[in-house]
Amino acid sequence: LFGPSQQDFYIPVSGTSTTISVYGYYDPVYLGPKPQFTITDAQAVGLSDSSISMTGASGQWEKLSLTIVPNGLGVVTARLINNCTGSCGSNYWDCFSVI
């Protein structure tokens with residue numbers, strides 16, 4: 001993601017505990033709040049929105065994980081967010097996993 005932006009992925013879930021993980025990276029020219037990984041649009045399966053932000057330094061890959069326990073079958077939105085306040089900070093995501 002280049003500059004302030006986001007990308008959504010729709011994840012089917014069942015009524016069991018599910019851990020969704022992704023690796024994030026941001027470059028040294030990134031300014032502002034660190035990139036975030038959120039689970040949203042999950043009210044249909046009894047969940048509130050949840051999020052986690054990167055905590056590490058720029059130039060390093062970091063694994064972000066959220067565990068959810070939906071109350072049934074449905075779909076949640078996994079949203080990757082570049083919160084950069086500048087126009088040229090890049091944020092990369094890789095190795096999405098749903099277990």
Side-chain angles (χ1 to χ4, degrees):
L1 301 173
F2 185 74
S5 54
Q6 65 186 32
Q7 177 69 49
D8 288 349
F9 296 89
Y10 303 103
I11 310 292
V13 294
S14 64
T16 61
S17 179
T18 303
T19 300
I20 304 171
S21 301
V22 65
Y23 281 87
Y25 173 98
Y26 64 99
D27 64 23
V29 297
Y30 187 98
L31 300 171
K34 293 184 179 178
Q36 287 178 289
F37 167 47
T38 68
I39 301 295
T40 188
D41 299 332
Q43 294 79 14
V45 292
L47 300 173
S48 299
D49 292 353
S50 56
S51 68
I52 186 170
S53 297
M54 293 183 70
T55 58
S58 67
Q60 299 177 13
W61 286 97
E62 178 179 345
K63 184 177 183 179
L64 301 177
S65 296
L66 291 170
T67 299
I68 58 174
V69 184
N71 64 10
L73 295 173
V75 175
V76 298
T77 302
R79 180 169 291 155
L80 307 175
I81 305 171
N82 180 335
N83 289 311
C84 183
T85 56
S87 61
C88 60
S90 294
N91 169 225
Y92 305 92
W93 301 95
D94 199 6
C95 298
F96 218 108
S97 108
V98 180
I99 300 173

Are the side chains of [X] and [Y] in touch, meaning some heavy atoms are under 4.5 Å apart?
X   : Y   : answer
V98 : T18 : yes
D41 : V76 : no
F2  : N82 : no
V22 : D94 : no
L64 : M54 : yes

To the nearest 0.5 Å, how far apart are [atom1] in [X] and [atom2] in [Y]?
X   : Y   : atom1 : atom2 : result
L66 : S51 : CG    : OG    : 7.5 Å
S48 : Q43 : OG    : CD    : 7.0 Å
F37 : L80 : CZ    : CG    : 6.5 Å
L31 : C88 : CG    : SG    : 7.0 Å
K34 : C84 : NZ    : SG    : 13.5 Å
Y30 : L1  : OH    : CG    : 9.0 Å

**Study point:** Residues forming a side chain to side chain contact (heavy atoms under 4.5 Å, CB included) with P33, sequence neighbours excluded
**Key:** N83, T85
Any residue meeting side chain to side chain donor-acceptor pair (under 3.5 Å) with [X], in chain and number order, not counting sequence neighbours:
X   : result
D8  : R79
S53 : none
T67 : T19

Practice item. Please name all residues satisfying ring-ring contact (aromatic ring centres under 6.0 Å, His included) with Y92, sequence neighbours left out, ordered by chain then number. Key: Y25
**Study point:** For F96, ring-ring contact (aromatic ring centres under 6.0 Å, His included) partners two or more places apart
**Key:** F9
Practice item. Return yes if some donor-acceptor pair links the side-chain N/O of D27 with the main-chain N/O of S90 below 3.5 Å, else return no. Key: yes
Check your understanding: Looking only at atom types and distance, does a side-chain atom of T16 sit under 3.5 Å from a main-chain N or O of S14, one as donor and one as acceptor?
Key -> no
Review point. With a 3.5 Å cut-off and no angle check, do the side chains of T38 and T40 form a donor-acceptor pair?
Key: no
